Number of protein chains: 4
Amino acid sequence: MSERGVTRWRRRKEARPAEILQAALASFQERGFAGTRLEDVAARAGVTKGTIYLYYPSKKELFKAVVRSELLPNIEWIEAALHQPGPVAPLLERLFTFWARDLFPSPISVLPKLVIAEAGNFPELAHFYLETVVHRGLDLIASLLRRGIAAGEFRPVDVDHVVYCVVGPLLLTVLWKHSLGPHDDRPLDAGAVCRAHLDLILHGLQAARSARKTNRERSRP
Amino acid sequence: MSERGVTRWRRRKEARPAEILQAALASFQERGFAGTRLEDVAARAGVTKGTIYLYYPSKKELFKAVVRSELLPNIEWIEAALHQPGPVAPLLERLFTFWARDLFPSPISVLPKLVIAEAGNFPELAHFYLETVVHRGLDLIASLLRRGIAAGEFRPVDVDHVVYCVVGPLLLTVLWKHSLGPHDDRPLDAGAVCRAHLDLILHGLQAARSARKTNRERSRP
Amino acid sequence: MSERGVTRWRRRKEARPAEILQAALASFQERGFAGTRLEDVAARAGVTKGTIYLYYPSKKELFKAVVRSELLPNIEWIEAALHQPGPVAPLLERLFTFWARDLFPSPISVLPKLVIAEAGNFPELAHFYLETVVHRGLDLIASLLRRGIAAGEFRPVDVDHVVYCVVGPLLLTVLWKHSLGPHDDRPLDAGAVCRAHLDLILHGLQAARSARKTNRERSRP
Amino acid sequence: MSERGVTRWRRRKEARPAEILQAALASFQERGFAGTRLEDVAARAGVTKGTIYLYYPSKKELFKAVVRSELLPNIEWIEAALHQPGPVAPLLERLFTFWARDLFPSPISVLPKLVIAEAGNFPELAHFYLETVVHRGLDLIASLLRRGIAAGEFRPVDVDHVVYCVVGPLLLTVLWKHSLGPHDDRPLDAGAVCRAHLDLILHGLQAARSARKTNRERSRP
DNA sequence: GATGAATGAGATTTCATTCAT
DNA sequence: GATGAATGAAATCTCATTCAT
């Protein structure tokens with residue numbers, strides 16, 4: 001038993017869970033959650049059905065593990081990246097750019113579609129995703145908006161509902177990619193949508209500078 | 001059997017397909033496509049499983065028939081409602097109000113979710129939905145935006161991509177209702193979201209009032 | 001469609017549940033509960049796996065149905081047969097005879113073994129059997145013993161525990177038949193055991209004859 | 001490694017088989033044969049699944065080894081305890097007390113249930129158990145009964161079948177403990193059953209007392 | 001001798017679909 | 001046209017057993 005042999009074996013063993021998660025994500029992307037057979041995942045990961053159960057006790061837990069290992073780091077990355085002082089607009093820009101450049105092209109962009117499609121049949125997944133991903137994301141955006149409003153950078157808006165307006169178009173891009181996009185002859189340029197969206201909401205949110213200023217200036221003697 | 005009896009029977013017979021579609025829509029709304037059992041649809045329609053196959057050759061075809069039969073009338077209603085001259089903002093408001101007050105509460109609000117969830121399994125349906133609903137809807141909004149820009153009501157924007165920004169939040173409301181909403185403890189007020197969205201995009205689209213006006217006014221003699 | 005055709009079909013259809021129960025009992029007898037595959041039951045009943053689920057929603061329910069349809073009538077028959085006034089000894093004799101002549105040779109004699117063997121893995125079955133069979137049987141015997149004691153036919157004994165002494169040997173006969181019996185070269189004569197048992201407990205229960213006789217004799221001049 | 005270390009290791013190694021059997025017995029007691037997973041046995045024995053296969057080639061063989069190793073000592077203990085001259089009644093009392101006080105609470109009390117449950121799947125085990133335990137036990141009781149009858153202590157009875165009547169209630173206690181007992185709300189007091197049983201059969205077997213009294217009285221001066 | 005990762009056959013249960021009546 | 005009994009192909013999950021290390 002050479003050092004290399006042991007090493008290779010161990011490397012293989014330690015890589016198993018990750019390999020399985022990759023395979024699961026790929027299968028989920030192709031067939032959806034309910035449509036994915038554990039056997040497909042196993043074959044793709046180069047193991048057998050039983051092996052999956054050595055690492056994940058059920059299909060649902062496998063899904064959760066995919067979310068945790070693939071999506072959560074991104075959530076945390078974003079949270080960290082946006083925890084910065086200063087004006088909010090550049091942070092939103094960074095968020096949108098991250099969405100278009102990193103999230104959108106990644107396989108994990110299929111996860112929102114999966115959750116939306118299967119929430120009804122798998123309430124457990126719905127709860128998990130809400131707590132792990134959705135609430136954190138919405139809260140993050142809400143806090144940015146509030147910061148901007150407090151700083152006078154944005155005009156006062158109904159933050160609780162505007163967050164959905166901020167998220168909506170981003171969400172649309174990834175849903176599109178994994179549903180109608182492949183069947184449409186008009187390709188969707190996610191980057192362009194994100195840019196247009198950023199432009200739109202920054203205009204929509206901006207404290208009426210000139211106008212108000214003008215008004216104020218006018219109102220001044 | 002009396003004349004009336006025969007007539008009623010025949011009427012019943014002719015109503016069968018529609019009754020089945022209604023029942024199917026209701027079941028799809030509750031359980032999604034995969035989660036719906038033909039037996040449930042049959043029971044709800046007051047017939048037996050076998051009868052469904054007299055009218056629709058498979059579950060997939062039944063699904064397609066539901067989407068087809070329920071969507072078209074609504075699309076046409078919207079198109080008619082928005083084909084009006086005059087300023088665009090009130091039309092957008094009408095659209096958003098219609099969405100929140102009529103579409104959102106209706107059973108058909110589940111259709112976008114169904115299509116998104118099943119597009120991968122039903123390419124034909126994806127094409128149908130794209131042509132029948134999505135493109136018409138997007139084009140309608142694009143034309144409104146262009147009208148507004150041309151009229152100087154809106155500032156010039158990247159219309160081709162802004163349409164997705166307009167649609168995104170509306171779509172989010174109905175997706176939420178039929179996926180995560182029932183599992184969330186923070187209720188989503190679709191009306192409030194639509195209002196916030198309208199406010200946001202009208203501000204976001206508006207021709208730079210004070211500044212430009214000022215400029216224009218300045219440039220005028 | 002001749003009258004005969006309809007009749008035969010209907011007869012077949014109505015006989016299905018009973019045929020399945022017979023097949024299930026036979027399979028349970030051969031392989032035990034856990035060891036029986038639904039497919040075996042189906043094959044024996046001349047149907048396919050799925051058909052069983054038309055009539056019984058699970059394997060456990062199938063077992064319960066067997067108990068209900070095959071064993072319960074016997075319990076009720078016994079209860080009725082022993083609800084008679086008069087001395088108790090002949091009733092016990094009738095019970096023991098019924099056990100040896102009717103229960104012991106029947107396929108249902110395997111049920112106690114099944115329940116004992118599987119109670120640990122199927123608590124639901126244990127509860128069901130306790131309530132449906134065991135408690136009723138024990139209560140019946142207890143009431144007979146109490147009647148006998150009250151009437152002076154039996155001496156006073158610890159009825160609550162003696163019931164198990166009455167049942168034990170009967171139970172042993174059917175357990176033996178379906179476990180060690182087939183492997184033993186000393187055949188067990190259930191009838192003889194029941195007779196010996198009856199003789200033993202009637203002697204064991206009888207109001208102290210000799211003693212009293214002696215007393216009486218003494219008291220006689 | 002020190003001498004002691006090696007010794008301890010070796011001792012450990014030699015103790016392995018016994019440790020595994022103990023663990024297996026405990027698991028069989030909790031879950032029955034089919035319900036026991038080798039992994040549980042291994043965990044309880046402080047080894048891994050693979051190790052069990054070093055000592056026992058299959059789950060079935062492990063089961064047989066448990067029965068063999070745990071039963072024999074007890075059988076021999078009982079035989080020794082009852083090989084005593086003098087009246088038989090006290091020996092029966094000792095047997096019943098041993099049963100209630102020593103056997104019943106011990107883990108080995110599960111063995112009869114296991115054998116009854118699995119005899120069908122383990123013919124070899126059935127034979128082994130019959131020869132090693134059952135026949136010896138029945139013969140022992142039969143010889144006691146014959147001694148009692150020969151000595152005039154008991155009335156003449158059908159010894160070959162009465163032995164089953166003697167054993168039945170004892171057996172019932174341990175079967176109950178490991179099957180229905182845990183699911184019943186009426187606790188079974190094994191000691192009380194054994195006492196009631198002893199009382200019942202001693203009364204049932206006793207030679208008409210007056211006769212004996214007469215004998216004894218005669219033998220007295 | 002001991003490990004424990006991996007296997008893969010098999011079990012119950014579901015349900016779209018068929019077809020004799 | 002309508003029925004509904006029957007089918008049979010999956011799919012998830014379990015676990016005794018193997019074997020490279």
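These figures come from a predicted structure and were not determined experimentally. Scope of the values below: all heavy atoms of this structure, side chains included, with no hydrogens, waters or symmetry mates. Chain A is the first sequence line, chain B the second, and so forth, proteins listed ahead of strands; every chain is numbered from 1.
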Next on the checklist: Between A:R68 and A:T132, do the side chains contain a donor N or O and an acceptor N or O under 3.5 Å apart?
Outcome noted: no

Checklist outcome for this item: Between A:S58 and D:F33, whichever has its closest DNA chain F nucleotide further toward 5' is A:S58

Next on the checklist: Output the rounded distance in Å from OH (A:Y56) to C1' (E:dA5).
Outcome noted: 15 Å

Next on the checklist: For a quick check of understanding: with a heavy-atom distance under 4.0 Å over all strands, which category does D:L54 fall into, base, sugar-phosphate or nothing?
Outcome noted: base

Checklist entry - Can you check the A:L62 CG to F:dT12 P distance for me, whole Å? => result 11 Å

Next on the checklist: On the nucleotide F:dA2, are OP1 or OP2 found under 4.0 Å from the side-chain N or O atoms that B:Y55 carries?
Outcome noted: yes

Checklist outcome for this item: CD of D:E70 to CD of D:Q22, rounded to nearest 0.5 Å, is 5.0 Å

Checklist entry - Which residue, A:I52 or C:L38, contacts DNA chain E at a nucleotide closer to its 5' end, judged by nearest heavy atom? => result A:I52

Checklist entry - Atom CZ of C:R37 and atom P of E:dA9: how far apart are they, to the nearest Å? => result 14 Å

Checklist entry - CG/D:L21 to OH/D:Y55 distance, rounded to the nearest 0.5 angstrom? => result 11.0 Å

Next on the checklist: Does E:dA5 have OP1 or OP2 under 4.0 Å away from a side-chain N or O of A:T51?
Outcome noted: no

Checklist entry - Between B:I52 and B:V41, is any pair of side-chain heavy atoms under 4.5 Å apart? => result yes

Checklist entry - Rounded to the nearest Å, what distance is computed from the CZ atom of residue B:R31 to the P atom of nucleotide E:dC15? => result 10 Å

Next on the checklist: When you measure from the side-chain N and O atoms of D:T48 to the phosphate of E:dT3, is any distance below 4.0 Å, counting only OP1 and OP2?
Outcome noted: yes

Checklist entry - A:Y53 OH to E:dA9 C1': how many Å, rounded? => result 15 Å

Checklist entry - So, A:S27 and A:R44: side-chain donor and acceptor under 3.5 Å apart, yes or no? => result yes

Checklist entry - Hey, what's the ring geometry for A:F28 with A:F33, parallel, tilted or perpendicular (30° and 60° as the breaks)? => result tilted

Checklist entry - Is it the case that more than 12 heavy atoms not belonging to C:R31 sit under 6.0 Å from its CZ atom? => result no

Checklist entry - Of all the base pairs, Watson-Crick or G-U under 3.5 Å, which form stems of three or more consecutive pairs involving DNA chain E? => result E:2-21 with F:2-21

Item to check | N or O in side chain of B:K59 less than 4.0 angstrom from E:dA16 OP1/OP2 | outcome: yes

Checklist entry - Roughly, in whole Å, what's the span from NZ in A:K60 to P in F:dC13? => result 8 Å

Checklist entry - Closest nucleotide of DNA chain E for D:K49 versus for C:P57: which of these residues is on the 5' side? => result D:K49

Checklist outcome for this item: A:D40 CG to F:dT12 C1', in whole Å, measures 13 Å

Item to check | Euclidean distance, atom CD of residue D:E19 to atom P of E:dA2 [Å, nearest integer] | outcome: 10 Å

